[in-house]
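Everything numeric in this text was worked out from a predicted model, so none of it was measured. Quick note on labels: first sequence line is chain A, next is B, and so on, each numbered from 1.
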Protein chains: 2
Amino acid sequence: MTPTEHPSVPSADARGDDERSRGRRDARPPTIYDVADAAGVSHQTVSRYLRGYEGIRPATRARVEQALDDLGYRPNLTARSLKSGRSLRIGALTHEISHVGPSRNAQAASIAAREAGYVLDLIFLDAHDAEAIRSSLDLLAQQDLAGILALSSTDEMTRVFESTDFRVPTLIRTESDEIGRAGASELTGVGIPKAIGHLADLGHRDFLHVAGPENWSAARNRTRAFEFEMARRGLRSSGVLAGDWSARSAFEAVAALPDPFTATAVLAANDQMALGAMLALKQRGLRIPEDVSVVGIDDIPEAAYFDPPLTTLRIDFASSGRASLQELLALIDPALATKPELPAPAELVVRASSGPAPARTPDVGEPVRTAC
Amino acid sequence: MTPTEHPSVPSADARGDDERSRGRRDARPPTIYDVADAAGVSHQTVSRYLRGYEGIRPATRARVEQALDDLGYRPNLTARSLKSGRSLRIGALTHEISHVGPSRNAQAASIAAREAGYVLDLIFLDAHDAEAIRSSLDLLAQQDLAGILALSSTDEMTRVFESTDFRVPTLIRTESDEIGRAGASELTGVGIPKAIGHLADLGHRDFLHVAGPENWSAARNRTRAFEFEMARRGLRSSGVLAGDWSARSAFEAVAALPDPFTATAVLAANDQMALGAMLALKQRGLRIPEDVSVVGIDDIPEAAYFDPPLTTLRIDFASSGRASLQELLALIDPALATKPELPAPAELVVRASSGPAPARTPDVGEPVRTAC
DNA sequence: TTTCGCAATGTTGTCGATAACATTGCTTGC
DNA sequence: GCAAGCAATGTTATCGACAACATTGCGAAA
């Protein structure tokens, strides 16, 4: 089990400059014409073979197969898509891939794309300013894509996206519906209402929401659902704090709240912010969950190992990534449309960070304790 | 500040089936021939203009520009790369993008690629089995790429990668050198030696390492550096636990350790595992950092908000992603080779999870406490 | 003034594949 | 026995751009 036992794998300089198992390095890759010559047939016969045409005499077929194999032929997709006018490449745009949600999403979409025979080009938009986004999109628009998927959507992106003529089908994922929608939360089984219901059942009446950045539609949806549900159930909202998805933003926002801290339940718009909020609460001298319950959204893999382990809404990012891709494929080729998979509804994972509401307002103004 | 004040941005159905600001939906995109017709010149003149040829009469030039603009011309990169034989697309392979390291890496590489005029195609390899990897690579090999970059490398991937003939330059990133190398750690400023030095300075003598999966070269390198440094400094290693990068694996490994727990310092191969290890330690009744110090690697954004905040090695993933891309670009076109950026050395970020070694072996066998 | 030279621009061929159309050579029906 | 019919295969055109070569036209040198 010690690392010295591992087979020593050459790690660096993996390009084979010198010799290769097969295929001459400098020679151009073989084309169907080369294959045709080698097999003694016309290039069109080779093309037909490659496209799966049935009516080829067994003898001819055998020679083509032999030549194909001898030369190590690989089709040139560039040429194919130039002629056929269709490409098998889908562009996907995303912002912060280091967040678990977007990245799971992208990964699932990528795999779904591959299964459908497409390759997913993932494009990172680093900047929030419209000009930078536009230039990235322009580059993208030249790439001969079959369709374009916008995975995480800020308003800037949505705006630029909608004003760009990509000339191919595009789809903007909103990531909202499965989590909680204001107008439809009589469906009490859905996402945020479920989380709030859990806390309300535990006796909580005074809530605080740590929201994501307001230019993200996902954040806005979560905030709306929170407020809607507060109103619907007649609960008290102690406020909505503005975060930016990061633990840091939530930590600072919660730390900066004036005393007294009246809420007994905190709903953070993602797990990272729940983490930051928990640390700030602990540093204010509040115990979790005895004094304050904290609930997150996403269920990132680490959430179960926070201290205390986080109660959170599990979002099925993978299935929603697949679903958006399928939806886009349906736009690209309505004939191939399969009924898009329905993303699984968010599921509440109850862990130790939520518990019964305290009998009375927790003490405030106690000396700050260090954690544990 | 309430969400209802946000401008209402249309969120769904962003494809414009009906009308578009410009550009007819069904019409093929304009080609240089269309532009040439509109400008009353030959297509070659348009092509020359686009390639930046100087010797075009101002009057002609103006008409071309006008036509270009009127038609909203965008070059067709497929055709361009078919003819010119070179593509501006780079493939990048990665495993678990949801880990911060790989994803930052990929993001930085993507941005660097764009700056060099390339587009980075990110391919997710979900499976660890060689056959699945091979089929993905085969698909990739047809994609007319200028080069291929393997970002996170497991042994399976390395093996398949090296036995595939991509016919373009390829580069496997090893992610090891800047973190700690066994053979070269007399450079005491480097990564893991730095972390261990910090703990040794605090009086720690008995260490535990929570390693990443052994088929990842990065994990192996970290383990080697740990063991090398233990030996070099004459410190005691209480063992190397096998983890899989996840908080869960570290939690379970540490929880399963037999009593007594003798180590006073734990080095985890990434921050997620440090998190899992911390929770397991706390549940064993050990205090952090009074009884045991814990140090991670990566410095994920959440690490500062763990409880206690995590001392960790900050890895500059962005710069190493850029560096690998530049290295690949140099292979693609040696003429354009810039001196590749050197990734910043890992930097130790000291937070509250590390402290002086306890005077004696901490108590073990105490009743398990619930966290906090 | 005539011709050469070169700048500006036009025409044709090419990349690798697919599609439309053309050809070959059996089999089959009368 | 001969033509029609069709299966198997070959030939040519095409996608959009770039490149090589061809042409035009104007100014300078003889």
**Item:** Nucleotide range of DNA chain D lying under 4.0 Å from chain B heavy atoms
**Value:** D:dG16 to D:dA20

**Prompt:** Got a second to check how far B:Phe124's CZ is from A:Arg114's CZ, nearest 0.5 Å?
**Reply:** 9.5 Å

**Request:** Rounded off to whole Å, could you give me the CG-to-P distance for the A:Leu68 and C:dA17 pair?
**Result:** 10 Å

**Prompt:** Is the phosphate of C:dT18, meaning OP1 or OP2, less than 4.0 Å from a side-chain N or O of A:Arg80?
**Reply:** yes

**Message:** Please list all pairs meeting ring-ring contact (aromatic ring centres under 6.0 Å, His included) that have one or both residues in residues 47-84 of chain B, counting only residues at least two apart or in different chains.
**Reply:** none

**Item:** Residues within residues 41-60 of chain A bordering DNA chain D, heavy-atom distance below 4.0 Å
**Value:** A:Val41, A:Ser42, A:His43, A:Gln44, A:Thr45, A:Arg48, A:Gly55, A:Ile56, A:Arg57, A:Thr60

**Complete:** Taken in chain and number order and not counting sequence neighbours, the residues that satisfy side chain to side chain contact (heavy atoms under 4.5 Å, CB included) with B:Ser47 are B:Ile32, B:Gln44, B:Arg51

**Asked** Between the two end axes of the helix from C:dT1-D:dA30 to C:dC30-D:dG1, each built from 5 base pairs, what angle do you get to the nearest 10°?
**Response** 70°

**Asked** How would you label the contact of A:Thr31 with the nucleic acid (heavy atoms, under 4.0 Å): base, sugar-phosphate, or nothing?
**Response** sugar-phosphate

**Asked** What heavy-atom pair brings B:Tyr118 and B:Ser87 nearest, and what distance separates the two atoms?
**Response** CE2-O, 3.7 Å

**Item:** Between C1' of C:dA17 and OH of A:Tyr73, the distance in whole Å
**Value:** 7 Å

**Fill in**
The residue, A:Leu82 or B:Gly40, whose nearest nucleotide of DNA chain C is more 5′ is B:Gly40

**Prompt:** Want to settle it: does A:Lys83 or B:Lys83 sit nearer the 5' end of DNA chain D, counting the closest nucleotide to each?
**Reply:** A:Lys83

**Asked** Any donor and acceptor pair, going by atom type alone, linking the side chain of B:Asn105 with main-chain N or O of B:Gly321 inside 3.5 Å?
**Response** yes

**Request:** Carefully, step by step, assess A:Leu151 and A:Leu149 under the rule side chain to side chain contact (heavy atoms under 4.5 Å, CB included).
**Result:** CA-CA 6 Å; A:Leu151 282 171; A:Leu149 190 60; 4.0 Å; yes

**Contact summary for B:Gly40 and B:Arg63, nearest pair of heavy atoms** = O-NH1, 4.1 Å

**Request:** Name the residue closer to the 5' end of DNA chain D, choosing between A:Tyr33 and A:Arg61 according to the nucleotide with the nearest heavy atom.
**Result:** A:Arg61

**Request:** Could you tell me which residues satisfy side chain to side chain contact (heavy atoms under 4.5 Å, CB included) with B:Ser319, sequence neighbours excluded, listed by chain and number?
**Result:** B:Asp316, B:Arg322, B:Glu341, B:Pro343

